[in-house]
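Everything on this sheet refers to the single structure shown next.
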Amino acid sequence: MSALVVTGLSAVPAAGVNLKTYCGAMLDTTKAAQVDLSDLATANTIVFRGKPVSVAPGAQWLDLHPGERFWTEYFNWMEWLGPIAVVDMPKAVEIFLDRAAAVPDPGSSVGPMETIRQGWNESSITKRLRISTCLWQQTADTRLLAPIEALANAAMDPERYYGLPRKRPHNHGLMSNMALYRVGRLMVRPEWQSYALARAQADATRVFDRCGLTLEQSIAYQRANMYMWAGANRQFKTEVVPASTLALGASSLAALARPDGVLESVGDGATGQLVVPSGKALWCPKSGFAVRTTETDHFILRGGPARWAHGHEDHGSITWFSSGVPVLSDRGRAPKTDAIALAWSRSMPAHSTFEPLGQTKSGYTRMKVAGPLRYRLTDAPGGSTRARDITFTARQVSVTDTAAVPTTDPLTPWTWVQHWQLAPGWIPDATGATYTDGTRLDIVCSAGALTATAVTSYIHESTPEAAWDVSCSATGTSVSVTTTLTVTPPPPV
């Protein structure tokens, strides 16, 4: 498949367009854009995410802060034009045109790092296509025609598209299709609309598993994908994703919700009390989730495909809610602007895993139901063998981890660490921990003494919390570690 060559843009806006449809998302970024316009009128300068930037004609557009990738990418999105457009639409158009002339599309052949640097990667293309749609709808300035054409052609470049056939379906691909479809409608280009719809229909066949769960490996992005695909159905005026699939996804979210209504922060994204829990069981090995709720407990297990998209290195991990309080939780995702914290929050040590020191990837993890409330997970990080057997009873989890070093180097011992990521609010001691309400957690590890390490929870990214990782470890060419975690509610007052 090759990108379509787009020519002959109409210079007449479509009649009866809805302002919110074309400009709403752009103008809604006034607060999120983090832009200060105090010096715009007097000095053609804005402050974007704390850094002053000249937007005068002929201004420098590249390599403003080359060591800050995420600042560069967000700046290249140009969502900060939203606040400018609110106060001075003609100036917003001039800035957009100046940037378009200064940094033309280098093409995908320059490679992903260079397209990010120049703002011609898939996410930047989509964002600027949305913005150009709004600018055109508001001004009908014919100078916008060439930049819109360049963005549309770039959006249709298969090398940069985040979806089939070169990549797996992803929410960024759907955003691209929706942006292309909108501009196609506004510019009266039905071929753009057909292209976007056909691409979305192809992706839709592989977005969700039989549980209605996305393969992006994140509970938060499950909600985002369901919302977006429902929106795509409305925009495309056809069921790109069947309503029955979205209903399955909603049912799965209700099963994933803890008894208190909280969706755990598994993968990227934040937690939240947004779902009425169903208490139903869930077994979804293709997307890598197993869930059960009993009278006293709720747990989520992670396995399945190797890490991708918004997933973490969390295979074998457990989130556990018992006797009305969170016991084990993941750490959420640290801010993208803190590279060290971000990498840690997505790593094995930030989850309740059995970590082989020196190995950072789990690969594919097989999941098996071994009996009532019993599970077995197996994989081979770094060529080793690793198995986790988990048994749940009322207010108790028993985990046996077994592992052996690779047969290619059978005499070199490895160190394996069992991590138990306590939810914020637990204070550890020599034999377990105590929660803020007096609930007791006893941890007995066959490998010996427990080690408590202070860590940071990023469940709420903007307000990190102190938390603890309680661990035990074993070293050898073949190891077996069994740990039992038992919750005892506080005595009645």
Side-chain angles (χ1 to χ4, degrees), residues 70 218-220 257-274 297-300 302 310-314 316-355 357 360 395 397 399 417-445 448-473 483-490:
F70 289 109
S218 160
I219 291 178
R258 299 182 333 204
D260 61 355
V262 168
L263 286 170
E264 293 279 2
S265 183
V266 174
D268 286 350
T271 185
Q273 292 180 308
L274 301 172
D297 302 270
H298 173 274
F299 62 84
I300 300 173
R302 285 285 294 127
H310 297 287
H312 293 182
E313 286 295 343
D314 57 4
S317 71
I318 305 166
T319 68
W320 182 31
F321 182 88
S322 183
S323 299
V325 300
V327 184
L328 301 178
S329 67
D330 287 344
R331 296 308 178 206
R333 191 209 69 191
K336 290 183 178 180
T337 51
D338 187 337
I340 294 175
L342 176 64
W344 176 82
S345 68
R346 289 170 166 169
S347 71
M348 270 196 243
H351 302 82
S352 294
T353 58
F354 192 48
E355 177 201 10
L357 289 184
T360 60
R395 301 186 181 91
V397 181
V399 177
V417 182
Q418 261 190 358
H419 295 276
W420 304 111
Q421 300 292 343
L422 304 185
W426 289 92
I427 304 299
D429 53 43
T431 59
T434 302
Y435 196 58
T436 52
D437 70 350
T439 300
R440 178 65 193 169
L441 172 65
D442 290 298
I443 305 175
V444 178
C445 176
L450 303 175
T451 299
T453 304
V455 296
T456 302
S457 171
Y458 298 96
I459 291 174
H460 305 287
E461 181 183 326
S462 60
T463 55
E465 299 176 86
W468 292 91
D469 170 10
V470 174
S471 64
C472 56
S473 63
T483 295
T484 301
L485 301 92
T486 306
V487 165
T488 304

Kindly state whether the ring of His351 and the ring of His419 have centres lying under 6.0 angstrom apart. no
For Phe70 and Lys336: C-alpha separation, side-chain torsions, deciding distance, then whether side chain to side chain contact (heavy atoms under 4.5 Å, CB included) applies. CA-CA 7 Å; Phe70 289 109; Lys336 290 183 178 180; 3.6 Å; yes
Return the minimal non-hydrogen interatomic distance between [X] and [Y], and the atom names on each side.
X	Y	value
Leu342	Ser345	O-OG, 2.8 Å
Val417	Ser473	CG2-CB, 4.0 Å
Pro490	Thr439	CD-OG1, 3.2 Å
Pro326	Ala423	O-CB, 3.6 Å
Ala467	Ser457	CB-CB, 4.2 Å

Show the numbers, then the answer: is there a side chain to side chain contact (heavy atoms under 4.5 Å, CB included) between Gln421 and Val455? CA-CA 9 Å; Gln421 300 292 343; Val455 296; 4.0 Å; yes
Distance check, rounded to the nearest 0.5 Å: [X] atom [atom1] versus [Y] atom [atom2]?
X	Y	atom1	atom2	value
Trp420	Thr353	CH2	OG1	9.0 Å
Arg331	Ile459	CZ	CD1	7.0 Å
Thr319	Asp330	OG1	CG	6.5 Å
Thr451	Gln418	OG1	CD	12.0 Å
Ser218	His312	OG	NE2	7.0 Å

Side chains of [X] and [Y]: does their closest heavy-atom pair fall under 4.5 Å?
X	Y	value
Thr483	Val444	no
Cys445	Leu450	yes
Ile318	Arg302	no
Ser329	Pro424	yes
Asp442	Leu485	no
Leu422	Leu328	yes
Leu441	Val470	no
Phe321	Val262	no

Considering residues at least two apart in sequence or located in another chain, which fulfil the ring-ring contact (aromatic ring centres under 6.0 Å, His included) criterion with Phe354? Trp416
Pair Tyr435-Trp426, ring pair (Phe, Tyr, Trp, His ring centres under 6.0 Å): steps then yes or no: CA-CA 4 Å; Tyr435 196 58; Trp426 289 92; 5.0 Å; yes
Check the pair Asp268, Arg346 against side chain to side chain contact (heavy atoms under 4.5 Å, CB included), reporting the backbone distance first and the verdict last. CA-CA 8 Å; Asp268 286 350; Arg346 289 170 166 169; 2.9 Å; yes
Determine whether His298 and Asp260 satisfy the following criterion, side-chain hydrogen bond (donor to acceptor under 3.5 Å, both in side chains), listing intermediate values before the conclusion. CA-CA 10 Å; His298 173 274; Asp260 61 355; over 6 Å; no
Is it the case that the side chains of Ser323 and Arg395 hold a donor-acceptor pair, with the cut-off being a distance below 3.5 Å and no angle test?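 Result is yes, a qualifying pair exists.
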Residue pair Thr434 / Arg440, side-chain donor-acceptor N/O under 3.5 Å: yes
Residue pair Arg258, Glu264: steps toward the salt bridge (Lys or Arg N to Asp or Glu O under 4.0 Å) verdict: CA-CA 8 Å; Arg258 299 182 333 204; Glu264 293 279 2; 3.2 Å; yes
Any chance you could lay out the side-chain hydrogen bond (donor to acceptor under 3.5 Å, both in side chains) test for Trp320 and Asp297, step after step, and finish with the verdict? CA-CA 7 Å; Trp320 182 31; Asp297 302 270; 2.9 Å; yes
Ignoring hydrogens and angles, tell me if any N or O in the side chain of Asp314 forms a donor-acceptor pair with the backbone of Ser317 under 3.5 Å.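 It does not hold such a pair.
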Please enumerate all residues that pass salt bridge (Lys or Arg N to Asp or Glu O under 4.0 Å) together with Asp437, with sequence neighbours excluded. none
